[in-house]
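The basis for the numbers below is simple: all heavy atoms, side chains too, and nothing from hydrogens, waters or symmetry mates. Within every chain, numbering begins at 1; the chains are lettered A, B, ... in the order of the sequence lines, protein sequences first and strands thereafter.
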Protein chains: 2
Amino acid sequence: MPLTVLLVDDEPLVRAGLRAILDAQPDIEVVGEAADGAAVIPLVRRLRPDVVAMDVRMPLLDGIEATRAVLRTVPEPPRILVVTTFENDEYVYEALRAGADGFLLKRARPEEIVHAVRLVAEGGSLLFPASVRRLVDTYGAERGNPAARAALERARLTEREAEVLRLMARGLSNAEIAARLVVGAETVKSHVSAVLAKLGARDRTQAVIAAYESGFVAPE
Amino acid sequence: MPLTVLLVDDEPLVRAGLRAILDAQPDIEVVGEAADGAAVIPLVRRLRPDVVAMDVRMPLLDGIEATRAVLRTVPEPPRILVVTTFENDEYVYEALRAGADGFLLKRARPEEIVHAVRLVAEGGSLLFPASVRRLVDTYGAERGNPAARAALERARLTEREAEVLRLMARGLSNAEIAARLVVGAETVKSHVSAVLAKLGARDRTQAVIAAYESGFVAPE
DNA sequence: GATCGTCTCCCCCGCGCGGGGGAGGTCCGG
DNA sequence: CCGGACCTCCCCCGCGCGGGGGAGACGATC
């Protein structure tokens with residue numbers, strides 16, 4: 001079965017763009033659209049999409065409130081991908097705190113958009129992409145970085161994966177982690193790959209950064 | 001001229017071992033020994049060693065006080081490498097705060113010992129080796145991690161190197177850093193290598209960890 | 001009993017990374 | 001005027017890393 005997506009944005013142009021990009025994927029299907037947050041709940045209930053691509057700035061009900069409403073009222077809610085124009089959008093920050101699973105810049109390349117949708121659908125959290133980093137930079141001054149922390153928590157690492165990430169964050173190589181955990185090197189590679197995928201990280205360095213930013217590991 | 005070292009340890013066995021290992025290097029010369037901290041100052045004044053390999057736990061004057069005394073009273077003081085038996089030695093922590101440039105576990109392999117001496121002599125800070133990481137783990141609960149911060153500050157990165165490290169800590173690849181700084185990829189490699197050497201890091205991940213641990217970059 | 005998630009290990013492959021050299025340029029200070 | 005520090009770029013080389021697959025074993029859940 002295909003990965004179903006509901007688009008929520010007040011601009012038809014944006015919805016059309018997203019639909020064009022996503023529907024071009026054989027395994028992704030846009031099952032509905034909404035122009036404001038108020039229309040989201042009934043649509044989600046009826047269409048039961050896997051992912052909701054939600055604009056933050058919308059009339060009537062913004063993306064933050066809409067996210068909260070969906071997560072509060074719908075059983076087994078969809079994954080929510082927040083869509084925004086600006087990387088320094090404080091609404092995005094709020095949306096992540098409200099329970100969104102990741103976010104996406106409108107100017108992202110089509111492949112990135114597709115990737116983001118797939119990632120959140122699979123349970124990942126898009127914690128790392130450059131856009132998120134900038135967000136973290138901006139709001140990094142606040143304690144504990146709830147957005148990053150929430151995103152990482154929602155990444156739902158398995159126990160083993162969390163263990164591997166902790167060791168990565170101590171600077172260990174795959175071989176060293178394997179020795180420490182008394183498993184094969186190939187096994188560690190599997191776990192590391194899983195961690196990178198779930199965190200939306202490109203390499204172990206980015207994963208470690210995410211670990212620090214989220215408070216998963218603490219420097220102090 | 002060779003790299004000159006002064007050994008300070010109350011156990012003759014340890015001094016003999018260090019001397020054997022270090023004197024085996026063509027470019028390193030052990031120019032003197034002391035059995036306790038009280039004897040260090042005059043010896044340093046007379047021998048003007050490049051590096052002092054200093055035990056922390058000693059009678060009369062321990063390594064911390066000796067370190068402070070040397071740094072306070074000797075103009076152009078030598079680099080101080082703290083030698084210890086235990087990785088969780090709170091004295092080592094104090095010594096780093098007192099101004100020591102790095103530390104060394106007695107059980108380290110000869111190559112590591114030689115490497116450590118060369119590194120601090122060249123202005124590096126041995127911020128990262130596994131032993132230090134464990135230290136950081138242990139005393140990591142204290143704010144700002146003064147030991148790590150002090151060590152990194154003393155690593156004396158050039159402006160460019162610091163810039164590169166900051167970008168590394170944002171998850172950028174060498175190619176991305178090159179694009180950002182508008183220089184060649186080979187140039188970035190040079191800077192990255194310099195950073196790794198000065199921090200005693202094995203790879204960029206460890207360097208980024210050091211950056212976080214030291215407060216050079218802040219997650220919050 | 002069947003299914004799913006997790007952990008484990010295996011293959012192949014390409015590329016980025018880091019180490020080892022070296023070398024030219026500027027600019028500053030002795 | 002001549003080092004020395006710094007930034008820049010170049011070469012070669014090996015290996016670790018990460019992506020792409022797949023597969024078997026186990027326990028929990030349905």
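The heavy-atom pair separating A/Val52 from A/Pro78 by the smallest distance is CG2-CG, 3.6 Å. When all heavy atoms of A/Ile209 and B/Met168 are compared, the closest pair comes out as CD1-O, 3.8 Å. For the residue pair A/Val117 and A/Ile28, the shortest heavy atom distance occurs at CG1-CD1, 4.3 Å.
D/dC12 atom C1' lies 11 Å from atom CD of B/Glu186, rounded to whole Å. C/dT8 atom P lies 11 Å from atom CD of A/Glu159, rounded to whole Å. For the pair A/Leu181 CG and C/dT8 P, the interatomic distance rounds to 8 Å; values are reported in whole Å. Taking atom CG of residue B/Leu157 and atom C1' of nucleotide D/dC7, one finds them 15 Å apart after rounding to whole Å. Taking atom CG on B/Asp203 and atom P on D/dG16, their separation rounds to 12 Å, with Å as the unit. Rounded to an integer number of Å, the gap from B/Leu199 CG to C/dG19 P is 12 Å. Between the CZ atom of B/Arg204 and the C1' atom of C/dG19 there is a distance of 15 Å, rounded to whole Å. Following rounding to the nearest Å, B/Met168 (CE) and C/dG18 (P) show an atom-to-atom distance of 7 Å.
Nucleic acid contact class of A/Ser193 (heavy atoms, under 4.0 Å, all strands): sugar-phosphate only.
Between A/Arg202 and the phosphate of D/dG18, there is no side-chain N or O to OP1/OP2 separation shorter than 4.0 Å. Here A/Thr158 does not reach the OP1 or OP2 of C/dT6: none of its side-chain N or O atoms lies under 4.0 Å away. Residue B/Thr187 has a polar side-chain atom (N or O) positioned under 4.0 Å from OP1 or OP2 of D/dC9.
On a pure distance criterion of 3.5 Å, a polar donor-acceptor pair joins the side chain of B/Ser190 and the base of D/dC9.
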*How far apart are the C-alpha atoms of B/Val30 and B/Arg15, what are their side-chain angles, what is the distance that settles it, and do they pass the side chain to side chain contact (heavy atoms under 4.5 Å, CB included) test?*
CA-CA 10 Å; B/Val30 175; B/Arg15 295 201 304 273; over 6 Å; no
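Toward the 5′ end of DNA chain D lies the nearest nucleotide of B/Ala185, the other residue of the pair B/Ala185 and A/Ala175 mapping further downstream.
Checking C/dC7, D/dC17, C/dG18 against the side-chain heavy atoms of A/Asn174 singles out D/dC17 as nearest. When the nucleotides C/dT8, D/dC7, D/dC12 are ranked by their closest atom to the side chain of B/Arg160, D/dC7 comes out on top. Distances from the side chain of A/His191 to the nucleotides C/dC7, D/dG18, D/dT8 place C/dC7 closest. Distances from the side chain of B/Val183 to the nucleotides D/dT8, C/dC7, C/dG18 place D/dT8 closest.
With respect to A/Glu163 and A/Arg166, no salt bridge is recorded, no charged nitrogen being found less than 4.0 Å from a carboxylate O.
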